[in-house]
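For reference, positions follow the sequence shown, starting with 1.
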Amino acid sequence: MATYAIGDLQGCLDPLEALLEQIRFDPATDRLWFVGDLVNRGPQSLEALRFVRELGDRAVTVLGNHDIHLLGCYFGTRVARGRDTLAPILSAEDGDELVDWLRRQPLLHHDPDLDWTLVHAGIHPAWDLETAQATARETETAMQTKQPLPFFGEIFGNQSDHPAGNTTPIDRQRFAINVFTRMRYCHPDGRLDFAEKRPPADADPALTPWFAVPDRAMADRRIVFGHWSTLGPAKGRANAWGIDQGCLWGHQLTALRLEDEALFAIECPGAQKPKAGK
């Protein structure tokens, strides 16, 4: 039995199927962890979403920023952008079911037996595991309510960028969404930076990658994440493994076997031209 964490799909199903063939994925014994961003920008968003959902309990996925964007478009609080490939989902006969399933996926998954934690973008340096789990659960509960429209009408925005001062539930939940699905860099005071997307060697030296912040509370725990396609080759950085290798941009789709930290990858043809970040 093996557990494989899979990098950002973003609607690229064919590379995933090729990667699963390469690692000889056995659905009877193996499990898959998806780092989020199942959909958008790639040509098979609908098919990728269906594929992961149909894996059932053989797979775990957390929500990424593109998944949250899809939910916002579904509830009418976001407008699809020119490069989005979400229309087939929104118009599909099973679109309502797919969106409802997606809305019920977590922001954070922790396996105490493996001692690995799965998120899309990262975990704020000030948070220990218990704080991160509690924050994720509060936000997931709000997202999964029977009346989710107020939630999706308020959570998008840069105004919640610091762990202090989030005195209302929606402020805390917006900050949680920003941390778990959008974070790359932090300012010295712990504030999130939403503009810088370049790799650390090229970034503003006043900023620090979230996983490199001194005295990070979860530095002794293994985290696997995606979101940051410009970060470079997947490797453990202070126990944080970034495995988004830019499949969408014609680079690689990566699988990390959690039991022994072995990496597997396939070259991808690319659905869009490379950009700094995504």
Legend entry - Atom pair CD/CH2 of Gln245 and Trp228 - distance to nearest 0.5 Å: 12.5 Å
Inset, instruction - Quick one: name the residues clustered hydrophobically with Val79, using the 4.5 Å side-chain heavy-atom rule over I, L, V, M, F, W, Y, and just say none if it's on its own. - result: none
Legend entry - Point-to-point distance, once rounded to the nearest 0.5 Å, from CE of Met218 to CD1 of Ile123: 4.0 Å
Inset, instruction - Walk me through it: do His66 and Asp8 pass the test side chain to side chain donor-acceptor pair (under 3.5 Å)? - result: CA-CA 10 Å; His66 284 281; Asp8 299 36; over 6 Å; no
Inset, instruction - Decide yes or no for Leu192 and Arg182: does some side-chain heavy atom of the first lie under 4.5 Å from some side-chain heavy atom of the second? - result: no
Legend entry - salt_bridge(Asp193, Arg184) N-O dist < 4.0 Å: no
Inset, instruction - Would you check, one step at a time, whether the test salt bridge (Lys or Arg N to Asp or Glu O under 4.0 Å) holds for Arg58 with Asp30? - result: CA-CA 7 Å; Arg58 293 165 291 174; Asp30 299 336; over 6 Å; no
Inset, instruction - Keeping the roles fixed (side chain from Asn178, backbone from Gly157), state whether a donor-acceptor pair exists under 3.5 Å. - result: yes
Legend entry - Expected output: side-chain Glu21 to main-chain Glu17 donor-acceptor under 3.5 Å: no
Inset, instruction - Measure from the side-chain N and O atoms of Glu140 to the backbone N and O of Leu107, and report whether any donor-acceptor pair falls under 3.5 Å. - result: yes
Legend entry - Validation row: Thr139, Phe151 side chains within 4.5 angstrom (heavy atoms): yes
Legend entry - Side-chain (Arg222) to main-chain (Leu114) donor-acceptor, under 3.5 angstrom: yes
Legend entry - Heavy-atom donor-acceptor pair, Gln44 side chain to Asp14 backbone, under 3.5 Å: yes
Legend entry - Validation row: Met183, Phe225 side chains within 4.5 angstrom (heavy atoms): no
Inset, instruction - Verify the ring-centre separation between Trp241 and Phe211: is it less than 6.0 angstrom? - result: no
Inset, instruction - Can you sort out the partners of Glu154 under side chain to side chain donor-acceptor pair (under 3.5 Å), two or more places apart, ordered by chain and number? - result: none
Legend entry - Spacing of Glu196 atom CD and Asp204 atom CG [to the nearest 0.5 Å]: 6.5 Å
Legend entry - Interatomic spacing from CG in Asp244 to CG in Asp37 - rounded to 0.5 Å: 7.5 Å
Legend entry - Close side-chain approach of Leu98 to Leu46, heavy-atom, < 4.5 Å: yes
Legend entry - Separation of Thr85 OG1 from Asn40 CG (nearest 0.5 Å): 4.5 Å
Legend entry - Distance-only donor-acceptor check, side chains Asp67 and His120, under 3.5 Å: no
Inset, instruction - Show your reasoning for whether side chain to side chain contact (heavy atoms under 4.5 Å, CB included) applies to Met1 and Asp26. - result: CA-CA 8 Å; Met1 177 177 178; Asp26 183 351; over 6 Å; no
Legend entry - Side chain proximity check, Trp116 to Val224, heavy atoms < 4.5 angstrom: yes
Legend entry - Gln159, CD atom: more than 12 neighbouring heavy atoms under 6.0 Å: yes
Inset, instruction - Verify the cluster assignment for Val35 and Val179: are they in a single hydrophobic cluster under the rule of side-chain heavy atoms below 4.5 Å apart? - result: no
Inset, instruction - Mind telling me whether His124 and Trp127 have parallel, tilted or perpendicular rings, with 30° and 60° as the class edges? - result: tilted
